[in-house]
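So you know, we letter chains A, B, ... as the sequences are listed, proteins then strands, and number each from 1.
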Amino acid sequence: MSLFQQPIRVRMAPSPTGFLHIGGARTALFNYLFAKHYKGTFVLRIEDTDKERSTKGYEKAIIEDLGWLGVEWDEGPLKEGSYGPYYQSQRIPTYQKYLKKLEALSKVYPCYCTAEELETERQDLLKRHKTPRYLGKCRNLTQQERKALEAQGRVPVIRFKIDETEPIQFHDLIRGDISVDPTILGDFVISKGDGWPLYNFAAVVDDCEMKISHVIRGEEHISNTPRQILLAKTLGLTLPQYAHVSIILAPDRSKLSKRHGATSVGEYRKMGFLPQALKNYLALLGWNPGDEREMMGEEELAKDFVIERMVKSPAIFDVEKLKWMNGMYIRNSSVEAMTKETLPFLESYGLEIQNKKMPWLNSIIETVRGSVDTLDQIGPAAELFFDEKFSLNAEAKTYLVQNKDKAKEILKTLDDLLAKTPLLEKEEFQKLQAELKEKVDASDKKILFQVQRVAVTGRLKGPEMNMIMPILGVDSCRKRIHITQSALS
RNA sequence: GUCCCCUUCGUCUAGGCCGGUCUAGGACAUCUCCCUUUCACGGAGACGACACGGGUUCAAAUCCCGUAGGGGACGCCA
């Protein structure tokens with residue numbers, strides 16, 4: 001199979017003009033898994049040729065988010081390899097070299113058209129129901145004409161000449177054969193006024209120079225592919241194979257954007273999603289293992305990841321399913337690991353954790369993690385274990401008032417029993433409940449427990465009491481009971 | 001507008017290349033029941049789809065054509 005005739009090299013080529021988008025992360029992940037599956041190389045290349053919009057801040061954020069997701073690259077920034085530099089801004093001489101070659105072949109020419117002129121042409125074409133494209137006005141300018149235009153102060157861009165008339169065909173690993181009529185393309189700009197290359201030129205040169213074997217990218221690039229193929233063919237470069245991944249859509253079937261809520265990886269991290277959950281979910285958007293497995297760790301994903309199983313229709317990003325999966329990871333990972341992940345969320349929620357012991361925090365996480373699906377829900381759920389946050393909420397108060405006499409009796413008895421209980425582990429808790437049941441008329445088991453719950457946690461709902469009370473300990477329980485009692489009298 | 005791509009439950013998808021085994025399977029969500037001192041978790045079940053129209057065939061979710069709908073591209077952005 002031609003897939004294996006060369007070393008597998010793939011790349012992720014983000015431009016640092018924004019944060020790492022959920023779609024970009026998925027594309028990166030597919031490249032990463034593909035490389036891992038075939039024991040190939042995953043290259044990270046920063047496409048920072050847009051000087052106006054690229055920032056170091058975005059670059060840093062993208063690298064950070066990729067790292068958080070665990071999508072590690074083998075070559076790229078911070079990991080030099082033999083095909084660097086990995087910043088397009090540092091590869092200008094390379095593009096100039098290829099531009100010279102194109103000039104020697106007379107395949108490029110300077111274009112002096114202004115933005116206004118181009119827009120007029122575009123509108124005119126649109127009006128005539130034609131595909132808007134550059135018609136080649138500057139194609140056959142004489143030397144004198146060029147000089148004259150430059151004397152006016154016009155700075156030219158460089159356009160690539162398209163002479164082909166035969167359809168450009170290529171085989172897409174996901175979509176099959178794609179054919180495009182080159183006459184609708186128009187001579188396109190490959191180099192800006194300042195001499196820097198444009199995307200189509202820089203990308204194809206780098207893909208070829210970096211010996212990329214498979215370009216796995218978003219479907220928005222399908223229409224760029226014929227241009228890149230033409231460029232590569234003219235330059236005598238060996239093309240990679242292409243695989244265009246469908247894009248991720250918002251629930252309303254439009255392109256996922258800010259107005260639909262969180263779109264960047266960083267935002268999901270802040271909301272308390274686990275990288276392994278996001279990775280698992282993203283991998284399943286547009287790919288499946290061919291059987292009914294869904295919960296898949298990275299090793300398992302890489303082992304089974306093949307392009308043949310990629311889906312070509314676009315997928316809608318369903319945060320509900322992501323949440324479910326995240327909850328699964330929160331519940332099924334080791335308690336220690338989850339506590340570690342949760343600590344920052346506890347802190348930012350305003351819980352005092354500095355002087356708390358790890359085993360105590362672990363037991364809290366273990367008790368509350370069943371009811372959450374993101375890490376940032378753990379703060380509100382764990383709050384009841386922190387004495388300084390104790391208070392009766394409205395429905396708790398109402399409940400107590402409604403059952404005032406019974407509540408008083410239960411609490412008095414409970415407090416007395418607690419006073420005689422030195423330690424409060426689960427065993428003692430059971431014993432204590434048995435004694436309580438004897439001393440208080442417990443025909444209504446529900447009231448017995450609910451009163452205790454409300455008095456100790458201040459809430460009507462929560463984890464099981466046999467988990468809560470041992471974690472709190474005797475002193476804390478009694479303190480809370482006293483507070484509740486005084487609220488009742 | 002033009003070109004390219006896409007179309008199975010509300011959503012992610014299996015099946016489609018090699019037509020019958022598909023009264024279309026799984027998962028999320030929703031609903032019901034069970035577990036249970038509460039809320040969750042967990043367990044069991046229910047609801048729910050081959051976009052439409054032609055054709056080929058004994059037989060079509062699966063092959064062919066058309067229509068409709070959706071998306072992408074058409075930049076001195078990537």
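No hydrogens or angles considered: nothing links the side chains of A:Glu366 and A:Asn362 as a donor-acceptor pair under 3.5 Å. A:Arg309 and A:Asn288 form a side-chain donor-acceptor contact under 3.5 Å, judged by distance and modelled atom types alone. Side-chain contact annotation: A:Gln152 with A:Tyr112, donor-acceptor N/O pair under 3.5 Å absent. Between the side chains of A:Arg217 and A:Thr225, at least one donor N or O lies within less than 3.5 Å of an accepting N or O.
Distance noted for atom C1' between B:rA29 and B:rU57: 40 Å (whole Å). A distance of about 29 Å separates the P atoms of B:rU30 and B:rG70, rounded to the whole Å. Separation of the C1' atoms belonging to B:rG26 and B:rA14 is 7 Å when rounded to the nearest angstrom. As rounded to the nearest Å, B:rU56 and B:rC64 have P atoms that lie 15 Å from one another. For the P atom pair drawn from B:rG16 and B:rU21, the interatomic distance equals 13 Å after rounding to whole Å. Rounded to whole Å, the C1' atom of B:rC18 lies 12 Å from the corresponding atom of B:rC63. Nucleotides B:rG42 and B:rC35 are separated by 8 Å at their C1' atoms, to the nearest Å. Annotation: B:rA49 and B:rU23 have their P atoms spaced 15 Å apart (nearest Å).
A:Phe317 has its CZ atom 13 Å from the P atom of B:rU13, to the nearest Å. The separation between A:Gln450 atom CD and B:rC39 atom P is 8 Å, rounded to whole Å. In this structure, A:Leu284 atom CG and B:rC12 atom P are separated by 12 Å, rounded to whole Å. Distance, A:Ile162 CD1 to B:rC3 P: 17 Å, rounded to whole Å. Protein atom CE of A:Met467 is 15 Å distant from nucleotide atom C1' of B:rU37, rounded to whole Å. One atom, NZ of A:Lys323, and another, P of B:rC12, lie 17 Å apart when rounded to the nearest Å. At whole-Å resolution of the value, CD1 in A:Ile330 and P in B:rA40 are 17 Å apart. Computed from coordinates, the A:Arg293 CZ to B:rC12 C1' distance equals 17 Å when rounded to whole Å.
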- prompt: What's the verdict on salt bridge (charged side-chain N to carboxylate O under 4.0 Å, His left out) for A:Glu383 and A:Arg459, showing C-alpha distance, side-chain angles and the deciding distance?
  reply: CA-CA 11 Å; A:Glu383 190 174 24; A:Arg459 309 173 185 186; 3.5 Å; yes
- prompt: Would A:Tyr349 and A:Asp376 satisfy side-chain contact (heavy atoms from CB on, under 4.5 Å), going step by step from the backbone distance to the final call?
  reply: CA-CA 8 Å; A:Tyr349 185 70; A:Asp376 68 353; over 6 Å; no
task: Under the side-chain contact (heavy atoms from CB on, under 4.5 Å) rule, what do A:Glu103 and A:Leu99 come out as? Steps first, then yes or no, please.
output: CA-CA 6 Å; A:Glu103 277 164 357; A:Leu99 182 58; 4.0 Å; yes
A:Glu341 and A:Arg369: CA distance, side-chain angles, deciding distance, salt bridge (charged side-chain N to carboxylate O under 4.0 Å, His left out) verdict: CA-CA 12 Å; A:Glu341 296 278 356; A:Arg369 67 170 167 176; over 6 Å; no
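Relative ring orientation between A:Phe160 and A:Phe188 is described as tilted, the plane-to-plane angle lying within the 30° to 60° band.
Residue A:Gly327 is out of contact with every strand shown, counting any heavy-atom pair closer than 4.0 Å. Counting any heavy atom pair closer than 4.0 Å across all strands shown, A:Arg309 reaches sugar-phosphate atoms only and no base atom. A:Arg369 comes within 4.0 angstrom of no nucleic acid atom, judged by non-hydrogen atoms across all strands. At a threshold of 4.0 angstrom between heavy atoms, the contacts of A:Pro251 with the nucleic acid are absent. Residue A:Met465 is classed as a base contact, given a heavy-atom separation below 4.0 Å to a base.
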Identify all pairs in which a protein N or O lies below 3.5 Å from an N or O of nucleotides 26-29 of chain B, and state each distance.
from: B:rG26; atom 1: O4'; to: A:Glu292; atom 2: OE2; distance (Å): 3.1
from: B:rA27; atom 1: O4'; to: A:Glu294; atom 2: OE1; distance (Å): 3.3
from: B:rA27; atom 1: O2'; to: A:Glu294; atom 2: OE1; distance (Å): 2.3
from: B:rA27; atom 1: O2'; to: A:Lys321; atom 2: NZ; distance (Å): 3.1
from: B:rA27; atom 1: N3; to: A:Lys321; atom 2: NZ; distance (Å): 3.2
from: B:rC28; atom 1: O2'; to: A:Lys321; atom 2: N; distance (Å): 3.4

Which pairs, protein N/O on one side and nucleotides 74-78 of chain B N/O on the other, fall under 3.5 Å?
from: B:rC74; atom 1: O2'; to: A:Pro132; atom 2: O; distance (Å): 2.5
from: B:rG75; atom 1: OP1; to: A:Arg122; atom 2: NH1; distance (Å): 3.3
from: B:rG75; atom 1: N2; to: A:Arg53; atom 2: NH2; distance (Å): 2.9
from: B:rC76; atom 1: O2; to: A:Gly193; atom 2: N; distance (Å): 3.1
from: B:rC77; atom 1: OP2; to: A:Lys192; atom 2: NZ; distance (Å): 3.1
from: B:rC77; atom 1: O4'; to: A:Arg53; atom 2: NH2; distance (Å): 3.2
from: B:rC77; atom 1: O2'; to: A:Asp50; atom 2: OD2; distance (Å): 2.9
from: B:rA78; atom 1: OP1; to: A:Thr49; atom 2: OG1; distance (Å): 2.6
from: B:rA78; atom 1: OP2; to: A:Tyr199; atom 2: N; distance (Å): 2.9
from: B:rA78; atom 1: O3'; to: A:Glu47; atom 2: OE1; distance (Å): 2.8
from: B:rA78; atom 1: N6; to: A:Asn224; atom 2: OD1; distance (Å): 3.3
from: B:rA78; atom 1: N6; to: A:Asn224; atom 2: ND2; distance (Å): 3.3
from: B:rA78; atom 1: N1; to: A:Asn224; atom 2: ND2; distance (Å): 3.4

Taking only N/O atoms, report every protein-nucleotides 5-9 of chain B pair under 3.5 Å with atom names and distance.
from: B:rC5; atom 1: O2'; to: A:Arg175; atom 2: NH1; distance (Å): 2.2

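Contact annotation: the side chain of A:Glu294 approaches that of A:Trp324 to within less than 4.5 Å [non-hydrogen atoms, C-beta and beyond]. The shortest side-chain heavy-atom distance between A:Leu20 and A:Met12 falls under the 4.5 Å cut-off.
Nucleotide B:rU57 forms a pair with no other nucleotide shown, judged by Watson-Crick or G-U wobble geometry with both contacts under 3.5 Å. B:rA73: Watson-Crick or G-U partner is B:rU2, with both key distances under 3.5 Å. Pair assignment for B:rC35 gives none, since no Watson-Crick or G-U wobble pairing has each distance under 3.5 Å. With both pairing distances under 3.5 Å, B:rU67 is matched to B:rA51 as a Watson-Crick or G-U wobble pair.
Taking the six-membered ring for Trp and the full ring otherwise, A:His214 and A:Phe30 have centroids separated by 6.0 Å or more.
A salt bridge links A:Arg53 with A:Asp50: at least one charged nitrogen is closer than 4.0 Å to a carboxylate oxygen.
If A:Asn288 and A:Ser371 are placed on RNA chain B by their nearest nucleotide, the residue sitting closer to the 5' end is A:Asn288.
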